[in-house]
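Note on naming: letters A, B, ... go to the chains in the order of the sequence lines (proteins, then strands), and numbering restarts at 1 for each one.
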Amino acid sequence: MPYNFTTIEKKWQQYWLEHKSFRALEPDEAPDAPKAYVLDMFPYPSGAGLHVGHPEGYTATDIVSRYLRMRGHNVLHPMGWDAFGLPAEQYAIKNNVHPAETTRKNIETFKRQIRMLGLSYDWDREIDTTDPEYYRWTQWIFLQMFNSYFDPIDQKAKPIGHLINELQNENLVVGPDGSVRINPTQEGLEEIAGEVRVERLWRELTPIEQQDVIDGQRLAYMDEVPVNWCPGLGTVLANEEVIDGKSEVGGYPVERRPMRQWMLRITAYADRLLNDLDTLDWPEPLKEMQRNWIGRSEGAHVDFEIAPPDENVRRTDAAWGEPNDGGNVDLSVTVFTTRPDTLYGATYMVLAPEHPLVDRITPSAHRETVEAYRTQCAARSERDRMAEAKEKTGVFIGAYAINPVNGERIPIYIADYVLMGYGTGAIMAVPAHDERDFEFAKKFKLPIIAVVMPDETWLRAEAPFPDADPISLATAYVENPGSFKKAFTGVGVAINSPAINGLPTPQAKARMIDKLEEDETGHRAITYKLRDWLFSRQRYWGEPFPILLDSEGNAVAVHEADLPVTLPAVADFKPTGTPEPPLSKATEWVTVSREGRTFTRETNTMPQWAGSCWYYLRFIDPHNKHRFVDPVKERYWMPVDLYVGGVEHAVLHLLYSRFWHKVLFDLEYVSTPEPFQRLVNQGLILGETEYHVFETEQGQPVSLGDVRDVDEEATETGVRMVAHDRRTGAKLIGRRLKEEEVEKVGDGYRLRSNPEIRVDARSFKMSKSRGNVVNPDTIVQDYGADTFRLYEMYMGPLEAQKPWNTRDIVGMSRFLNSVWRNIIGGDEEAPVPGTRAVDAPIPDALDRQMHRTIKKVAEDITGMRFNTAIAELIKLNNEMGKLPAIPRPLAEDFTLMLAPFAPHIAEEIWQRLGHDRSLARHPFPAYDEAKLTKSTMELPVQVNGKLRDKITVAADADEASILRTATSAPGIQQWVNGKSIKKQIYVPKKLVNLVVG
RNA sequence: GCCCCCGUGGCGGAACGGCAGACGCUACGGACUUAAAAUCCGUUGGCCCGCAAGGGCCGUGUGGGUUCGAAUCCCACCGGGGGCACCA
């Protein structure tokens, strides 16, 4: 008779809520308890409700939280809603419901589902990012960024007032591009003799220039950047949402157009975001993803002078194009390279099509072709450019640059394989030693000069002829590297490079940089792939910016006292059809008068990620009306000790919130440089394994070996598998098979009805269109929350990707029923519930096992190895089942150990064992070291590494006697007789290995 | 193309360089039942010898290596998954 999980689970969920069993104590309430901040990535409450992936991570942190509470920790374990975002808004537009309404309903559903799992959240700390009381502080943090700059001296954020001081004191100066840098001469710029002065002092600027410098340094700033604008949808789209120049949704054309957008200066933090990864206890692959995303490259900036387009044309001639600078300014292009050692091999230069210098240096004869090419590039989105990456395109612009190391005139091209957004938007092309340059040079018949000698293996592999003679290989490479199959991009020895000949690549790089710095034609430089974060969206359902714009479009901060800037409750939140955000239609809201002047509000909103950048701080002090978080509480709780969530946020949320946190740290609002000390990624739960046979249109099955290009294809009703016949190329359709139609033979699955035919077996990501989504509601209804929790934790390692298998759930259900039967016994409906617990000592063997289990379960919970912890509990329960009655201490300790995993049934058993208080804060059982060992031990004995017998010896026996016992063991004789024992190995308490020969 | 992770029974998965397959599922056999389901008990990597008790051989994607000893460490290859992708 199964226990009644429905009643029991409802009862205890209500009990926990009423008693606030999981309330996190304030710092002064728990002066002696160690703190633990255990956090889940809070969900976006979508309309679909919870899927089985959510409870995986939530149960894991719940087990850890419950365990730590039982170990006397003061645990902060909160839950909230990341509720701003596009899906609610799309749904709202389609169905004409206000997004606030859908969001409210979705949160309700999520909350009900999460509560039904019995998770030990402190519900008094629930937060919702769309609540004005929450987003006032999101806006407040934005204002801190708006009012801060990144100080180049101390490499940290500081209030903007400090910037003005430093400029006035001339510790900082202004560069020609308006950037701020450290004053290169402490005495003043006039000291740089004979040089063209590029930096300017604060006092040399006009007030308007001064304001521009300030605005240009803010961590939150406005800038004109090219975006994907889709007039059909009336919004900008991310690159991922654009396919073949059309919108993914609706197929409307998309244009690239520059728009004035809010940006956050995350690039200033690139180095710290990179370096501090080393201090974090995060999965290495995830750190690697962030490292790649930041993409730090070391190399050099090299300046190339621009030569006149023709020997006979002077720089002042009209052929230079506009503006005419009178010949007084040197025209030069700076390139970034990671291989300065290949500078002698630079045979041409490539600029990004959008490079600003192109207009100035293209002679009139080439204007038309250049413009045509630029238009062609602009019409294509970044994504298309990547898709067509195989074929190199570009045009010669009619100008030349001078290679600074050898004075060679090299032609300048524009090509879209050079990106304006990376490095300087210009490269020196070294076709012999760069794949892309190699391809481009071959297509445009440009010279290829070898300047690095590859090793012989490479030469032999890539040579155009099968010659094996090393000398002729090397000669051939020097004479004609273009005839080889590809460019040599590895490290070798410098050749054809007078300044560095004979040097291995690393030294050659260093020497070349030194030379460039001596000649003042270049310097050491570091570049990042990371770009500043485009932070504004033309949407309704997001946080409004706390920004006013004056008549010139200059941004002014809203006073802190006027926060929050609430989202106006408009009826019309649909896109305007122009780049104007929907909020611009809220005319009353938009116009603001302040101090006698009229302003308009910024009508863009913040992106989905804003609210999640700092929510972990608000959980610490969710009801504070005066600060975003109280500093005393912040110091107590931070950092987050354990953070669990999916890997999909690796370079989004997890990078963004580290960045915000560092800004807050620099401004001394938080006490730790990093927010999340330990992070664990839960693996994806896939749908049940599916079997497909591929068939021709006539229904003829084709074996998997004769099939190629297996893929998925969307249909009106869902998704199907498709493939092509390897020989005929005919299209094949996958037919889903029932499990019993399939059998495993050898290394694959075959049709039971026709073993000739091999079939496809795999699991897919759960998706609505595939129809393989499992709803947690059903599982909880059929088996109960405790069984559901156990099943998800027992599936395998938390981090691993693993397929769902409903059939397996019954195992956990049986386990809990068996526990119930063992400790409680027969009828749980009895008026005075009895138990099978008796006051008797635990039998020795079982006592040892119990102590081993306590040790193992405790270690496994800390190490997040829940599957093996549960296996251990099952084993102990199986042993308990063999007893006529359960000794009370065993029943109690077992129940306490089970509690973090299956809290409802554990509480119920605990109560029936005669306790009138929840076990939530009852001490977790402790194990006795002395009970872990036996007086005798069993040792395996190997001969030549193969197991041949086992011996039983005293636990404290010495090595000599153990070896004596081992060599004389009965099962060993036949293997050593007539042979000499060459070596005896005894691994203490592990095994004996005899080497004979 | 580059980077990262992973290949163990019919399935999910255990195993500080030291007894491979813990634990669960499935399947099979048995008990209970008029019967079925549910439940409970037993067996369950493959091959071979033996009536049996028992014993032997082979086995962690493939091939090599290090080691007294390798699923575990190293090299190469094959297969799967993920990330980045014209990043100079």
Side-chain angles (χ1 to χ4, degrees), chain A residues 1-2 283-289 291-293 295-297 299 335-339 342 350 382 385-386 388-390 392 415-419 421-430 433-437 439-440 489 527-530 647-648 650-651 683-684 686 689 739 742-745 747 749 761-762 790-791 794-797 799-812 814-815 817-818 821 865 867-875 878 881 938-950 971 974 982-985 987 989-997:
Chain A
M1 187 183 306
E284 201 48 48
L286 193 141
K287 289 194 199 178
E288 202 53 37
M289 280 168 74
R291 287 190 192 107
N292 289 338
W293 190 259
R296 184 182 200 266
S297 294
V335 304
F336 175 72
T337 178
T338 55
R339 292 297 298 269
T342 63
V350 186
E382 292 236 6
R385 283 164 67 161
M386 290 169 197
E388 294 161 21
K390 289 187 183 86
K392 293 276 176 295
D416 64 0
Y417 82 91
V418 173
L419 310 172
Y422 181 76
T424 59
I427 62 158
M428 61 178 214
V430 185
H433 304 295
D434 181 279
E435 283 296 343
R436 298 150 303 193
D437 298 345
E439 264 178 64
F440 191 88
T489 56
T527 308
Y528 302 89
K529 282 197 241 178
L530 186 70
V647 74
E648 67 273 15
V651 291
L684 204 61
L686 303 172
T689 305
E739 206 185 331
V742 172
E743 69 182 323
K744 175 120 188 201
V745 180
D747 61 347
Y749 292 88
R762 67 176 84 184
L790 278 175
Y791 169 65
Y794 195 64
M795 286 171 83
E799 310 81 8
Q801 176 172 296
K802 45 217 174 265
W804 178 269
N805 190 352
T806 299
R807 194 168 61 192
D808 288 348
I809 299 174
V810 71
M812 293 303 109
R814 283 176 193 155
F815 165 54
N817 277 309
S818 162
R821 228 176 14 253
R865 295 179 297 268
N867 53 333
T868 49
I870 294 168
E872 222 50 41
L873 289 172
I874 293 173
K875 263 156 75 174
N878 287 346
E938 196 178 51
L939 281 182
V941 181
Q942 298 181 335
V943 178
N944 289 343
K946 280 187 193 236
L947 178 71
R948 295 303 181 188
D949 203 356
K950 290 178 185 180
Q974 60 168 310
K982 287 183 173 165
K983 198 169 173 184
Q984 306 179 59
I985 294 150
V987 185
K989 298 189 194 296
K990 285 286 178 195
L991 56 46
V992 177
N993 189 16
L994 306 172
V995 185
V996 304

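Nearest-nucleotide positions on RNA chain B for A/Leu947 and A/Thr338 put A/Leu947 closer to the 5' end. Residue whose closest nucleotide on RNA chain B sits further toward the 5' end, between A/Val647 and A/Ala800: A/Ala800.
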For nucleotides 7-12 of chain B, which of its nitrogen or oxygen atoms have a protein nitrogen or oxygen under 3.5 Å away, and what is each distance?
| residue | atom | partner | partner atom | Å |
| --- | --- | --- | --- | --- |
| B/C11 | OP1 | A/Lys744 | NZ | 3.1 |
| B/C11 | OP1 | A/Tyr749 | OH | 3.4 |
| B/G12 | O2' | A/Met795 | O | 2.6 |

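Spacing of P atoms, B/U8 relative to B/A14, comes out at 11 Å, to the nearest Å. Comparing the same atom, C1', in B/C84 and in B/G45 gives a spacing of 41 Å after rounding to whole Å. Across the P atoms, B/G59 and B/C47 are found 15 Å apart, a figure rounded to whole Å.
Between the CG atom of A/Leu286 and the C1' atom of B/C84 there is a distance of 14 Å, rounded to whole Å. Whole-Å rounding puts the A/Phe815 CZ to B/C25 P distance at 12 Å. For A/Lys989 and B/C19, the NZ to P distance is 17 Å, given to the nearest whole Å. Here B/C2 presents its C1' atom at 15 Å from CE of A/Met289, a figure rounded to the nearest Å.
The closest donor-acceptor contact from the side chain of A/Asn944 to the backbone of A/Val996 lies under 3.5 Å. At least one donor-acceptor pair under 3.5 Å links the side chain of A/Asn993 to the backbone N or O of A/Gly945.
Look at B/U60: it lacks any Watson-Crick or wobble partner with both distances under 3.5 angstrom. As the counterpart of B/C84, B/G1 is assigned, both hydrogen-bonding distances of the Watson-Crick or G-U wobble pattern falling under 3.5 Å. Pair check for B/C32 finds none; no Watson-Crick or G-U wobble contact set falls under 3.5 Å. Here B/C25 sits opposite B/G10 as a Watson-Crick or G-U wobble pair (both hydrogen-bonding atom distances under 3.5 Å).
Note on A/Asn867: only backbone sugar-phosphate atoms sit closer than 4.0 angstrom, heavy atoms only; bases stay farther off. Within the 4.0 angstrom heavy-atom criterion, only backbone atoms of the sugar-phosphate kind lie near A/Lys946; the bases stay farther away. Residue A/Val987 is in base contact, counting any heavy-atom pair closer than 4.0 Å across all strands shown. Using a 4.0 Å heavy-atom cutoff across all strands shown, A/Gln942 reaches at least one base atom of the nucleic acid. Base engagement by A/Ile985 is indicated by at least one non-hydrogen atom pair under 4.0 Å involving a base atom.
A sub-4.0 Å separation between OP1 or OP2 of B/A88 and a side-chain N or O of A/Thr527 is absent.
Between B/C86, B/U39, B/A15, one nucleotide has an atom nearer to the side chain of A/Tyr417 than all others, and that is B/C86. The side chain of A/Lys875 sits closest to B/C23 out of B/C25, B/A88, B/C23. Taking the side chain of A/Lys392 as heavy atoms from C-beta on, and the options B/C86, B/C25, B/A88, the nearest nucleotide is B/C86.
Applying the side chain to side chain contact (heavy atoms under 4.5 Å, CB included) rule to A/Leu873 yields the partners A/Phe815, A/Thr853, A/Val857, A/Phe894, A/Met897, A/Leu898, A/Phe901; only residues at least two apart in sequence or on another chain are considered.
Aromatic ring orientation, A/Phe440 versus A/Tyr417: tilted (interplanar angle from 30° to 60°).
Judged by distance alone with a 3.5 Å cut-off, no donor-acceptor contact links the side chain of A/Lys990 to the base of B/C19.
Under the 90° criterion around 0 for the glycosidic angle, B/G9 counts as syn.
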